[in-house]
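Below is one structure, written out as C-alpha cells; comments come after it.
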Amino acid sequence: MSDTSASTDPRKDSLIEYPSLFPIKVMGLHAEDLVHNITKVAKEFDPFFDATTVELRPSSTGKYLGVTITVTATSREQLDNLYRALTSHPMVKVVL
C-alpha cells in the first residue's frame, strides 16, 4: 500500500515561508536574569534579533514570567535548534 505523503518532502509542506518573523513564547520562573538569558539564546540563532521587541507577561501570582521573542526564521533547522536550546535551558519551563 503506497502512501503519497511518504514521498512528499516535508520542507515543501511547511506553513512558514522563510525568511519570516516568527514569535516564540517562553515561560520560566520570574528571575532577574531570565530575559537576559532568553535573549542571549535568541541572538545565537538570529544575529539580527532585536531585544527591544521582547514582550513580557507575568503570571497572576508573579511566580512565572512569559517572554515572547520574535526571531527571523531562516529555516526549519534553525527553528528546531532554537527550540532545543530554549527547552534545555535550566531557567525555562515551557516553550510554545
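Between Tyr18 and Arg76 the shortest side-chain heavy-atom distance falls below 4.5 Å. Looking only at side-chain heavy atoms (C-beta outward), Val41 and Ile38 stay at 4.5 Å or farther from each other. No side-chain heavy atom of Phe22 sits under 4.5 Å from any side-chain heavy atom of Ile69. Side-chain contact check for Val94 versus Val26: every heavy-atom pair is 4.5 Å or farther apart.
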Take His30 and Tyr64, measure what side-chain contact (heavy atoms from CB on, under 4.5 Å) needs, and give me the verdict at the end.
-> CA-CA 5 Å; His30 196 163; Tyr64 296 97; 5.8 Å; no
Quick one: do Lys25 and Val95 satisfy side-chain contact (heavy atoms from CB on, under 4.5 Å)? Show the steps, please.
-> CA-CA 6 Å; Lys25 296 182 183 201; Val95 180; over 6 Å; no
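One finds the CG atom of Leu86 at 11.0 Å from the CG atom of Leu96 (value rounded to the nearest 0.5 Å). In this structure, CD in Glu32 is found 12.5 Å from CG in Leu65, a value given to the nearest 0.5 Å. The line from CE of Met91 to CG of Asp33 is 4.0 Å long, rounded to the nearest 0.5 Å. Once rounded to the nearest 0.5 Å, the distance linking CG of Asp80 with CZ of Phe45 reads 10.5 Å. One finds the CG atom of Asn81 at 7.5 Å from the OG atom of Ser75 (value rounded to the nearest 0.5 Å).
The 12-atom threshold is not exceeded at CZ of Arg57, counting heavy atoms of other residues, nucleotides or ligands nearer than 6.0 Å.
Of the possible polar contacts, one joining the Asp46 side chain to the Thr72 backbone as a donor-acceptor pair under 3.5 Å is found. Using modelled atom types, no side-chain atom of Thr70 and backbone atom of Pro23 make a donor-acceptor pair closer than 3.5 Å.
If you chain together hydrophobic residues whose side chains sit under 4.5 Å apart, Val67 and Phe49 fall into the same group.
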